[in-house]
Amino acid sequence: MSSRTDARSPEPSSAERVRTVLAAARSLTVTTHGYRCDLVGAHALDDRGRLTLRLPADCHLAAAVACAPRGDLAAMLQFTDVAPTAVRHRVRARVTLSGWLTRGGTKGDPGTPGVELRLDAVRATVDTGDDVVDLVGLDELVLADADPLAGHEAALLLHLTDDHPDAVARLTRLVEPHRLHGVRRAVPVGLDRFGVTLRLEHARTHEDVRLPFRVPLREAGEFGDRIQALLADAHACSRRRRRLYTRP
């Protein structure tokens, strides 16, 4: 497997990647001493990046925190960022937060009481594959913002892939010709404010190539204009190549 991006193309920082994964993820895995569980739709993130879990009051994890000697429980929270499009090796990143779970307040209505657990993080890492694990400073995490497309990426990528395969094919004209040798399929596999990432699939390997927008977008509504600009660049690139290889 090969995974590579154009080093000249801007991309989110590690702290922004973490915030984006936390904002977009629906599920996570919690590991404590002697206990492990998967939670779906249970976490929330505030503007400062502080993470809370909202759980039934009678669940094992809430009880373990309540019974902890100091009122806090060492825990590791893991989030997996999965590509929304159907490609091989869909895991794009793994985010791990380590720290202490403490009890917050009681949540929910009288019929469905619940408890809020707050994570006081002491360590954050993001693993983007190829044995590269970045340690993210907690101060960086507080100051970083999630990508403006965090909640829209999946729908936009699936729309592009399923409804506009011709546009995807045209985007490959922006890829250096030698990188297309042996490519069987090109699929959009990532999207952020800086650009689109195409996965070039070979018989047994793949390579990721970033196609940067001319100007980073600020909101999801600007996506259409940015894609049209990329397609215009692809058309111009195709014309230049035809002139280059056409003999007089």
If hydrophobic clusters are built from ILVMFWY residues whose side chains come within less than 4.5 Å, do [X] and [Y] share one?
X: V136; Y: L138; value: no
X: L160; Y: V87; value: no
X: L231; Y: V168; value: yes
X: V122; Y: L51; value: no

For this session: Could you list the residues that satisfy side chain to side chain donor-acceptor pair (under 3.5 Å) with R17, not counting sequence neighbours?
Result: none
For this session: List the steps, then state whether salt bridge (charged side-chain N to carboxylate O under 4.0 Å, His left out) holds for R199 with E207.
Result: CA-CA 6 Å; R199 174 156 296 177; E207 178 182 8; over 6 Å; no
Atom [atom1] in [X], atom [atom2] in [Y]: separation rounded to 0.5 Å?
X: C237; Y: L230; atom1: SG; atom2: CG; result: 11.5 Å
X: R94; Y: T80; atom1: CZ; atom2: OG1; result: 4.5 Å
X: H164; Y: D162; atom1: NE2; atom2: CG; result: 10.0 Å
X: L73; Y: L117; atom1: CG; atom2: CG; result: 9.0 Å
X: C37; Y: L61; atom1: SG; atom2: CG; result: 5.0 Å
X: L156; Y: L191; atom1: CG; atom2: CG; result: 6.0 Å

Problem set entry | Derivation of the side chain to side chain contact (heavy atoms under 4.5 Å, CB included) call for R50 and L45 | CA-CA 6 Å; R50 293 173 298 199; L45 199 67; over 6 Å; no
For atom [atom1] of [X], is the number of surrounding heavy atoms from other residues, nucleotides or ligands below 6.0 Å larger than 12?
X: R170; atom1: CZ; answer: yes
X: R90; atom1: CZ; answer: yes
X: D166; atom1: CG; answer: yes

Problem set entry | Among R173, R226, R214, the one residue meeting salt bridge (Lys or Arg N to Asp or Glu O under 4.0 Å) with D233 |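 The salt bridge (Lys or Arg N to Asp or Glu O under 4.0 Å) with D233 is passed solely by R214 among R173, R226, R214.
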Any side-chain heavy-atom pair of [X] and [Y] under 4.5 Å:
X: R210; Y: E11; result: yes
X: V30; Y: L53; result: yes
X: V189; Y: V187; result: no
X: P212; Y: F194; result: no
X: V65; Y: T32; result: no
X: L119; Y: W100; result: no
X: L97; Y: M76; result: no
X: Q78; Y: R36; result: yes

Exercise. Given R118 and T102, is the side chain to side chain donor-acceptor pair (under 3.5 Å) satisfied, shown in steps?
Worked result: CA-CA 5 Å; R118 183 181 70 250; T102 60; 3.2 Å; yes
Exercise. Which heavy atom in P188 sits nearest to a heavy atom in L157, and how many Å separate them?
Worked result: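 It is CB-CD2, 3.7 Å.
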For this session: Output, in order, the C-alpha distance, side-chain angles, deciding distance and verdict of side chain to side chain contact (heavy atoms under 4.5 Å, CB included) for L200 and V175.
Result: CA-CA 10 Å; L200 308 179; V175 180; 4.0 Å; yes
For this session: For side chain to side chain contact (heavy atoms under 4.5 Å, CB included), just list the numbers for D81 and V91, CA-CA rounded to whole Å, side-chain angles, deciding distance to a tenth of an Å, and then say yes or no.
Result: CA-CA 6 Å; D81 176 32; V91 174; over 6 Å; no
Problem set entry | R185 bridged to E201 by N-O distance under 4.0 Å | yes
Are any side-chain N or O atoms of [X] and backbone N or O atoms of [Y], one a donor and one an acceptor, separated by less than 3.5 Å?
X: T205; Y: H202; value: no
X: Q228; Y: D225; value: no
X: E16; Y: S13; value: yes
X: R19; Y: A144; value: yes

Exercise. Testing T20, D192, V18, D145 for side-chain contact (heavy atoms from CB on, under 4.5 Å) with P12, which one passes?
Worked result: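 With P12 as partner, side-chain contact (heavy atoms from CB on, under 4.5 Å) holds for just one option, D192.
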Exercise. Can F79 and H43 be said to form a ring-ring contact (aromatic ring centres under 6.0 Å, His included), step by step?
Worked result: CA-CA 11 Å; F79 301 79; H43 75 279; 5.2 Å; yes
Problem set entry | Intermediate values then yes/no, side chain to side chain contact (heavy atoms under 4.5 Å, CB included), V133 and L135 | CA-CA 7 Å; V133 179; L135 179 63; over 6 Å; no
